[in-house]
Structure formats: C-alpha cells, structure tokens
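Heads up: the structure comes next, in structure tokens.
Computed from heavy atoms alone, side chains included, the values below leave out hydrogens, waters and symmetry copies. Chain letters run A, B, ... following the sequence lines, proteins first and then strands; every chain starts at 1.
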Protein chains: 2
Amino acid sequence: MSDAALWAALADPHRRAIVALLLERPRPVGEIVEACGLSQPSTSKHLRVLRDAGLVRVRQDAQRRVYALDPAPIAALDAWLAPYRRLWNDSLDALGRRLDDSEEPPLSKD
Amino acid sequence: MSDAALWAALADPHRRAIVALLLERPRPVGEIVEACGLSQPSTSKHLRVLRDAGLVRVRQDAQRRVYALDPAPIAALDAWLAPYRRLWNDSLDALGRRLDDSEEPPLSKD
DNA sequence: CGGTTATATGCCGGTCAAGGCATGCACCCC
DNA sequence: GGGGTGCATGCCTTGACCGGCATATAACCG
C-alpha cells in the first residue's frame, strides 16, 4: 500500500516543489534547502517522506547526500490515472465535436 | 490555483475511493455512503471537498443529488505528470546505464 | 585527534483536517 | 399541510502533520 504514502507525499506543496527541483537534476540537500526556503531540518524531513514513498533515492557523496528522482512511482501514478484518462478523452472528443461542428468533421485524436 | 485543492482532495483514501466509484457511473449520495462505510455527514463533507476541487459535479434529481466525475481535473493531473513521464521513459531506455549523473541536463524554465 | 561541514533526528507548539452527532433545509407523497 | 426522505452544515473532539530549534551523527581536513 505505498500508494497511500505516494499520494500523501505529493499532497504537500513543498514536497511537490522538491520533486520538481529534482526533475531538472539530482541535487544535494543544501541546494534544496536554499531553493525552497525552509530550514534544513524541515527539508530533511520532507526528503524523508519522499524517500519513504519511494519517490527519491539518495546517493552519498562525501558528506553530501545527493537526492534524485526515482521514476517508478511516477509510473504508478500514471497507472492510477489511466482509467480516468479514458473518460477525459471521451469528453474532450465530445466537446470538440460540439464546438467545431460547423467547420470540420469530428477530429480523430492521436 | 486549484492545483493545491486538487492534490489535497486526492490525498485522502476515502475520497479516492469515491472518485473510483464515480468512475463506474454517477451515483447519489446514499450509494456512496453505503459503499465507503462512512457516516452520511462525513461522506457529504468529502463530496464537498471533491466538488470544491472541481473533481465532481452534482445533478439534482428530486431529493437526491447525483454526483458525477468531472474530467477536467484529470487533465490537469495528466499535465502535471507529463514532464515526469518523460523522465520515466528515458530511464526505461537507459536501464543498462549506471545512474551516475555527472552529465548536465539543460535547465528548463520554471 | 580536534574542528568543521553536511545531514538526520527528537522534541515541542501551533494548525488543520477528519469523523461523529445533532440539526437545518429542500423536496416528495398522502 | 403534515410527515417522511435525502442531503448539507455546524459544533466539537481527537489525532496527524508542519515548522522551528537544539542536538546527534557521519565524513572530510589539517
């Protein structure tokens, strides 16, 4: 059930910000601290939550700990999203038909 | 920025369960109450959070309120996920490589 | 070995959200 | 209109989380 942990981890705006930072490139804690404007302990705690949720991994470089995104949970989120995406595609299709009815034949997406 | 509201809404397991229920078909509150085993007031409050986040819409049918999924926020989630999906595809592609990050990815905006 | 840097952990106070209960409100049927 | 049903809202308590501060831990350097 790390699913719950995953959602809980991403529920916090600061943690989403950290995840966004790590999307650009892996970073040591110090950089993350500066970037999100929190104290170092708070940041470390957020990183722990992210680590427990499997969202990030740590690599030790001397005294520094370099955090990097782990792509696996992203796949899990994507899997969760999949059934809903179907629904949304259907509705987009219907909407598009309604809006563009006068000019073009229904466009087939994709 | 209903983005925060969206994440907060989906952070709760009960609310994700409700969303899953509504994926099958729209349902009146009574059905949702039975399905998720909460009291009716609690369920109504969860539905309010989902409504405020834009995830569900209500249709009134006599005394009943029939809730249905709104596909738009799903698109928002998908948009959020998109950059990470790229990363995850890359990593699948580079499975044989060491995850050493001495290379320097281009800095993106934001 | 002692000092310094880099990060993690414990503790504490404040805040917020979740759930239950009682109640209010709108709508139906007789 | 009166009673009953279906749902929403307000109040309250409890538990979780967040943030900061102080401190422990680990690794480097001279």
Side-chain angles (χ1 to χ4, degrees), chain A residues 1-22 25-70, chain B residues 1-22 25-70 73 100-102:
Chain A
M1 280 295 261
S2 74
D3 207 54
L6 177 59
W7 283 103
L10 290 175
D12 186 273
H14 285 140
R15 286 195 288 262
R16 285 200 302 280
I18 292 177
V19 165
L21 280 174
L22 295 183
R25 59 187 150 90
R27 295 173 193 261
V29 178
E31 258 186 64
I32 304 176
V33 168
E34 277 195 45
C36 64
L38 285 176
S39 70
Q40 175 268 314
S42 283
T43 306
S44 268
K45 281 180 238 177
H46 282 303
L47 286 170
R48 176 151 175 73
V49 173
L50 291 172
R51 208 175 354 137
D52 290 348
L55 273 161
V56 301
R57 289 183 338 251
V58 207
R59 176 179 58 108
Q60 186 140 10
D61 172 39
Q63 313 110 315
R64 267 180 260 158
R65 307 269 188 121
V66 179
Y67 281 79
L69 274 188
D70 189 328
Chain B
M1 41 164 291
S2 69
D3 208 54
L6 178 59
W7 283 104
L10 289 176
D12 185 274
H14 285 140
R15 286 194 287 262
R16 284 200 303 279
I18 291 177
V19 165
L21 279 174
L22 295 183
R25 59 187 150 91
R27 295 174 194 260
V29 177
E31 259 186 62
I32 304 175
V33 168
E34 276 197 46
C36 65
L38 286 176
S39 71
Q40 176 267 314
S42 284
T43 306
S44 268
K45 280 180 237 178
H46 282 304
L47 286 170
R48 177 154 175 72
V49 173
L50 291 172
R51 207 176 354 137
D52 289 349
L55 274 162
V56 301
R57 287 185 338 249
V58 208
R59 175 179 56 109
Q60 187 140 8
D61 172 38
Q63 312 109 316
R64 266 180 263 159
R65 307 269 188 122
V66 179
Y67 280 81
L69 273 189
D70 189 327
D100 202 286
D101 49 84
S102 32

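If A:A8 and B:S44 are placed on DNA chain D by their nearest nucleotide, the residue sitting closer to the 5' end is B:S44.
In terms of modelled atom types and a separation under 3.5 Å, the side chain of B:R65 and the main chain of B:P28 share no donor-acceptor contact.
Considering only residues two or more places apart in sequence or on other chains, A:V33 meets the side-chain contact (heavy atoms from CB on, under 4.5 Å) condition with A:V29, A:Q40, A:T43. For B:P26, the side-chain contact (heavy atoms from CB on, under 4.5 Å) partners are B:V66, B:A68, not counting sequence neighbours. Contacts of A:R15 classified as side chain to side chain donor-acceptor pair (under 3.5 Å), with partners at least two apart in sequence or in another chain: A:H46.
Note on residues 27-38 of chain B: pairs passing side-chain hydrogen bond (donor to acceptor under 3.5 Å, both in side chains), not counting sequence neighbours, are B:E24-B:R27, B:R25-B:E31, B:R27-B:E31.
To the nearest 0.5 Å, atoms CG (B:L47) and CD1 (B:I18) are separated by 4.5 Å. Going from atom CH2 of B:W7 over to atom CG of A:L10 covers 4.5 Å, rounded to the nearest 0.5 Å.
Considering every non-hydrogen atom in both B:I32 and B:Y67, the closest pair reads CD1-CB, 4.4 Å.
The separation between A:H46 atom NE2 and C:dT9 atom C1' is 15 Å, rounded to whole Å. Look at OH on A:Y67: it is 8 Å from C1' on C:dT7, rounded to the nearest Å.
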What's touching nucleotides 14-17 of chain C from the protein side, N or O pairs under 3.5 Å?
none

Distances under 3.5 Å between protein N/O atoms and the N/O atoms of nucleotides 21-30 of chain C, please, pair by pair.
none

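A nucleotide of DNA chain D counts as in contact with chain B when one of its atoms lies under 4.0 Å from a heavy atom; the first and last such, 5' to 3', are D:dG4 to D:dC11.
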For residues 48-63 of chain B, which side-chain donor-acceptor pairs fall under 3.5 Å, sequence neighbours excluded?
none

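More than 12 heavy atoms of other residues, nucleotides or ligands shown are found within 6.0 angstrom of CZ on B:R16.
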